[in-house]
Protein chains: 2
Amino acid sequence: MEYDKYAHEPFAVTADLAVLTILDGVLHVLLVERGQEPYQGHWALPGGFVQPDESAETAARRELAEETGLSDVSGLHLEQLRTYSEPDRDPRMRVVTVAFTALLPHPPEPHGGSDAAQARWVPYDTAGPLAFDHDRILADAHERVGAQLEHTCLATAFCPPEFTLGELQQVYETVWGTALDRPNFRRKVLATPGFVEPVPGAARLTGGRGKPATLYRAGAATTLRPPLLRPTSEGRPA
Amino acid sequence: MEYDKYAHEPFAVTADLAVLTILDGVLHVLLVERGQEPYQGHWALPGGFVQPDESAETAARRELAEETGLSDVSGLHLEQLRTYSEPDRDPRMRVVTVAFTALLPHPPEPHGGSDAAQARWVPYDTAGPLAFDHDRILADAHERVGAQLEHTCLATAFCPPEFTLGELQQVYETVWGTALDRPNFRRKVLATPGFVEPVPGAARLTGGRGKPATLYRAGAATTLRPPLLRPTSEGRPA
DNA sequence: CCCTTAATAGTCAGTACGACTATAAAGAGG
DNA sequence: CCTCTTTATAGTCGTACTGACTATTAAGGG
């Protein structure tokens, strides 16, 4: 790195977030409506400028707290996705964006955020054309999360502290968009030590219609060996 | 993203590279010796400032060409690793670094690079304390490449256009640091459609001592389904 | 009281995998 | 020229895992 080259051009650096959650069995993403040009009135991923004293991670967590109104975002899953730096991705100036993915269990109502724009949970499939290159960022986030489900215990990040195996399976089915065989999924999950552990208490009391399910907690494991691969569905180009 | 917040602070953006290759069965990384403060005389990952008209990817590829002296870097594997943005990672100013990994088959002698510093291939294990947070970047790159070998056909990027299965296996063994069973490795690789394809010509003529091996080319596949998992070695914390 | 719903248990054949053994084809050294 | 070493390649075998099922259990709804 050559330092005397500096002052060539300053970059603005932002941290943008693809905040995903599952509402009523449908994958949702948190979007904000832009209150100003460019792309005024368009929907975009929440985010903001990285401040002088914070890292991109810190900025992302701060923005996440502001946009969702969550009081405690310290335990939430936040992961760097990748950085987008094409010169023309912003019509106004040179902006480099470090994108993050965040996974929420049962999300709160986003209360407009601290900024003028309003925030809303939007079904992933109907997240129309977004501002800037946010369509691509969102697609990258979806693909990344889908891939992570195969190799990590990340799925529990979509679930509340205590959950049933049915709910965990729904996470996989929702993100992957495929149906899974229930007994096989159960066998696989329980055979992975540290993925989930049963809650000593009793079964679920919620207004479910069928047999009550036992509740589980996230275990200590983070990686899935062997992985839980999504159905080949032959279509996936190798 | 709020634009009127801009002008708060300019960031310098650099693209740094963890260029890996295998020399004599040992994983090597390309390092440059810094010619100026800070960290003058220390070794560091090659890299440089992103110019106004280029993306981080473009800058990384340009730096790669400059440092390695390769005339054609268009076909080489280059992949974004992650971005490092801690406020204090550079003692001089606020620098955000987009890190990349690059994989080379048979590398050329690095001829000092275009910048004053000299460049050299250094065994990964002896890549001592590096400047800035480059130790961490290098470790992240190693871990990422190791993980990619499990799920992608990336290993061929370490090999010349035509290679033997023994050479391909050596890539896995070198990066993972573990020995693999040769017949099983061979069975697995050949059972994955599109991973490698035999070269119609004859076997290798090189001065090998044993039975000549058939030559293979990289196939069209990019992902490995099912994955080629590294030996559990029980030690890996799940 | 029966039907529906959902959770959980269990079966079974095909496949993948790890650990081996065996054979083939080259060079090295006497 | 023969043998030993080296490396590639072929094949075996028992275990574990997977996908596709069927069966049973425990709730709620009409």
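Please read these numbers as outputs of a predicted model, since none were measured by experiment. Chain identifiers are assigned alphabetically (A, B, ...) following the order of the sequence lines, protein sequences preceding nucleic acid strands; residue numbering begins at 1 within each chain. Basis for what follows: all heavy atoms, side chains included, without hydrogens, waters or symmetry-related copies.
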Checklist entry - How long is the line joining CZ of A:Phe185 and P of D:dC17, in whole Å? => result 17 Å
Checklist entry - Does atom CD of B:Glu143 have more than 12 heavy-atom neighbours from other groups under 6.0 Å away? => result no
Item to check | Gap between atoms CG and C1', on A:Leu180 and D:dA20 respectively (whole Å) | outcome: 14 Å
Checklist outcome for this item: With sugar-phosphate taken as primed atoms, P, OP1 and OP2 and all else as base, the protein-contact string of nucleotides 14-23 of chain C at under 4.0 Å (heavy atoms; B, S, -) is ---BBBBB--
Checklist entry - Should the ring pair B:His134 and B:Phe132 be called parallel, tilted or perpendicular, given that the plane angle runs from 0 to 90° and is split at 30 and 60? => result tilted
Checklist entry - Between atom CZ in B:Arg225 and atom C1' in D:dG19, what is the gap in whole Å? => result 14 Å
Next on the checklist: Let's go through B:Val189 and B:Val196 carefully: what are the C-alpha distance in whole Å and the side-chain angles of both, what is the deciding distance for side-chain contact (heavy atoms from CB on, under 4.5 Å) to 0.1 Å, and is it a yes or a no?
Outcome noted: CA-CA 7 Å; B:Val189 169; B:Val196 298; 3.7 Å; yes
Checklist entry - Only one of A:Lys188, A:Arg225, A:Arg230 forms a salt bridge (charged side-chain N to carboxylate O under 4.0 Å, His left out) with A:Glu150, so which one is it? => result A:Arg230
Checklist entry - Under 4.0 Å between a side-chain N or O of A:Thr214 and OP1 or OP2 of C:dA7? => result no
Item to check | Length of the CZ-C1' vector between B:Phe163 and D:dA8, whole Å | outcome: 16 Å
Checklist entry - In whole Å, what is the span from the CG atom of A:Leu168 to the P atom of C:dA7? => result 12 Å
Next on the checklist: Whole angstroms only, please: what is the CZ-P distance between A:Arg186 and D:dC17?
Outcome noted: 18 Å
Item to check | side-chain contact (heavy atoms from CB on, under 4.5 Å) evaluation trace for A:Leu228 with A:Tyr172 | outcome: CA-CA 10 Å; A:Leu228 205 163; A:Tyr172 279 88; 4.3 Å; yes
Checklist entry - Within this structure, what is the CZ-to-P distance between A:Arg182 and D:dA20, rounded to whole angstrom? => result 16 Å
Checklist entry - When you check the side-chain N and O atoms of B:Tyr84 and B:Asp140, is any donor under 3.5 Å from an acceptor? => result yes
Checklist entry - Can you tell which of C:dA26, C:dA7, D:dT9 lies closest to the side chain of A:Ala213? => result C:dA7
Next on the checklist: Output the rounded distance in Å from CZ (A:Arg209) to P (C:dC2).
Outcome noted: 22 Å
